[in-house]
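Note on naming: letters A, B, ... go to the chains in the order of the sequence lines (proteins, then strands), and numbering restarts at 1 for each one.
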Amino acid sequence: MSNIEPNVTRDGAVLLNRTALTRRLVAKLKSEEAVVAGIGHTNFDLWASGQRPQNFYMLGSMGLATPIALGVAIAQPQRKVFALDGDGSILMQLGSFGTVASVAPKNLAIIIWDNGAYHITGAQKTLTSSTVDLVEMAKGAGLKQAQWAADEEHFDALVGRAFTEDGPWLIVAKIDQTKPAGVTERDPVKIRLNFMNGLKASA
Amino acid sequence: MSGETTNETWEEIVVRVLKANEVSLVTYVPDNVLSRLIRLIEADPFFTVVAPAREEEAVAIVTGAYMAGKRGIALMQTSGFATIVNALASLACPFQIPLLLMISERGTLGEFQQGQAIVCRTMRPVLQSLGIEHFAIQERAHVEFVVDGMVRQAFATQAPAALILSPLLTKRAA
Ligand SMILES: Cc1ncc(C[n+]2csc(CCOP(=O)(O)OP(=O)(O)O)c2C)c(N)n1
């Protein structure tokens, strides 16, 4: 893809697949980047893409993946941090766009999988299926580097920029409603300890 | 720690004890009772301060920072506490996060707002049913001992802790 900043809107974005994109993201991780994945399908697909010790699988707490990732980014400014979340989840915590913008962590990238639905609870429609555009919301909150992924190559290019250029970044991918490729093993303390070991953290 | 001087305010003692325990991240949604404490913290370069839009974010930021090796505390009032119950029950408790909360107790001992009075009565039953350690500080002379003890215990036992600031501490003339 030659043009790294096409003026893509939600309508113009190609319908992508969360499992495929999660795997593309994970394949690019080389320097022990932290990944914090939100409730349900988002963390299921991260789990199914290979269980890195630097992954945090958030089990409940709908909407809190981004602020958790912000906390990680503040504590370890040298480490790249990715927050992954669904549209229904981030719609619950839109203020966090403003919080991230005002803290302005250079090492944080937020990726939102927008399927226009609360898929895991029965695919009821979310606000993004009607009027809400998450990229516009984010820009209004001060996240200037917010973009729709036009297609898979453009997604790769945006992720590539998040690795090499200062954030905060927001990438929103319009995705289909296929089921995730696995299910996370639900043991909160084990998840936390693995993550803390992966981040070489003690406090 | 024995640095207490008789003319320290409760806010100054809190700042000193947080620093002694290396609690360097402070997140908050403000309350009038917390305003002097927030001013002291914001003026002190030791602290990283984040003021998000909601108390749930404040809790999640401290949680993420803890998992990445930085100690933090979230400040809020009782009404804010009422909005974080799901975050406590689904994040702080099951993941065993030593999440420190400092809650100014509004809605009791001379409150004029009915909403605050009613929501205030939900706080202790919630803390109790979640099994979260909590203690209301009523006297300036107790601030150092209680804050220091609760902070150390939270990290030693991997458990959230709620430090409640009673109007007896924050509103009564010294
Ligand atoms: C506070 C809260 N409200 C509702 C739920 C129920 N719930 C769990 S997952 C979910 C949908 C998540 O939607 P989204 O983030 O878009 O992810 P998707 O399922 O579409 O992948 C809902 C409503 C919850 N867990 N917590």
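- Taking 4.5 Å as the heavy-atom cut-off, the residues of residues 37-57 of chain B that approach chain A are T48(B), V50(B), P52(B), A53(B), R54(B), E56(B), E57(B), ordered by number.
- Using a 4.5 Å cut-off between heavy atoms, V189(A) contacts chain B through both its backbone and its side chain.
- The contact list for residues 27-49 of chain A toward chain B, using heavy atoms and a distance under 4.5 Å, is empty.
- Your options are S96(A), S202(A), G60(A), G198(A), and the one with the most heavy-atom pairs under 4.5 Å with chain B is S96(A).
- Within the 4.5 angstrom heavy-atom criterion, only side-chain atoms of Q158(B), from C-beta onward, approach chain A.
- Summarising the geometry of A201(A) relative to G69(B), their closest heavy-atom pair is CB-N, 3.5 Å, with the distance given to 0.1 Å.
- Looking only at heavy-atom pairs under 4.5 Å with chain B, the residue among I191(A), L64(A), L59(A), L199(A) that has the most is L64(A).
- Proximity to chain B (any heavy atom under 4.5 Å) is shown, for L94(A), by neither the backbone nor the side chain.
- No more than 12 heavy atoms of other residues, nucleotides or ligands sit less than 6.0 Å from atom NZ of K125(A).
- Both the backbone and the side chain of I68(A) come within less than 4.5 Å of a heavy atom of chain B.
- Nearest approach of A65(B) to A75(A), heavy atoms of both residues: O-CB, 3.7 Å.
- Summarising the geometry, atom CE belonging to M67(B) is positioned 12.0 Å from atom CG belonging to N194(A); distances are rounded to the nearest 0.5 Å.
- Around the NZ atom of K144(A), the shell of radius 6.0 Å holds more than 12 heavy atoms that belong to other residues, nucleotides or ligands.
- Here the closest heavy-atom approach between residue R71(B) and residue A203(A) is recorded as NE-C, 3.5 Å.
- Contact count versus chain B (heavy atoms, under 4.5 Å) is highest, among Q93(A), K190(A), K200(A), for Q93(A).
- Of residues 111-131 of chain B, not one residue has a non-hydrogen atom less than 4.5 Å from any non-hydrogen atom of chain A.
- Counting heavy atoms from C-beta outward, I61(B) and V103(A) have side chains that stay 4.5 Å or more apart.
- For E22(B), the CD atom sits in a loose shell: 12 or fewer heavy atoms of surrounding residues, nucleotides or ligands are nearer than 6.0 Å.
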Anything under 3.5 Å between a donor and an acceptor, one on a side chain of residues 86-97 of chain B, the other on a protein residue two or more places apart or in another chain? List them.
unit_1: S90(B); atom_1: OG; unit_2: S61(A); atom_2: N; d: 3.1
unit_1: S90(B); atom_1: OG; unit_2: S61(A); atom_2: OG; d: 2.7
unit_1: S90(B); atom_1: OG; unit_2: N86(B); atom_2: O; d: 2.6

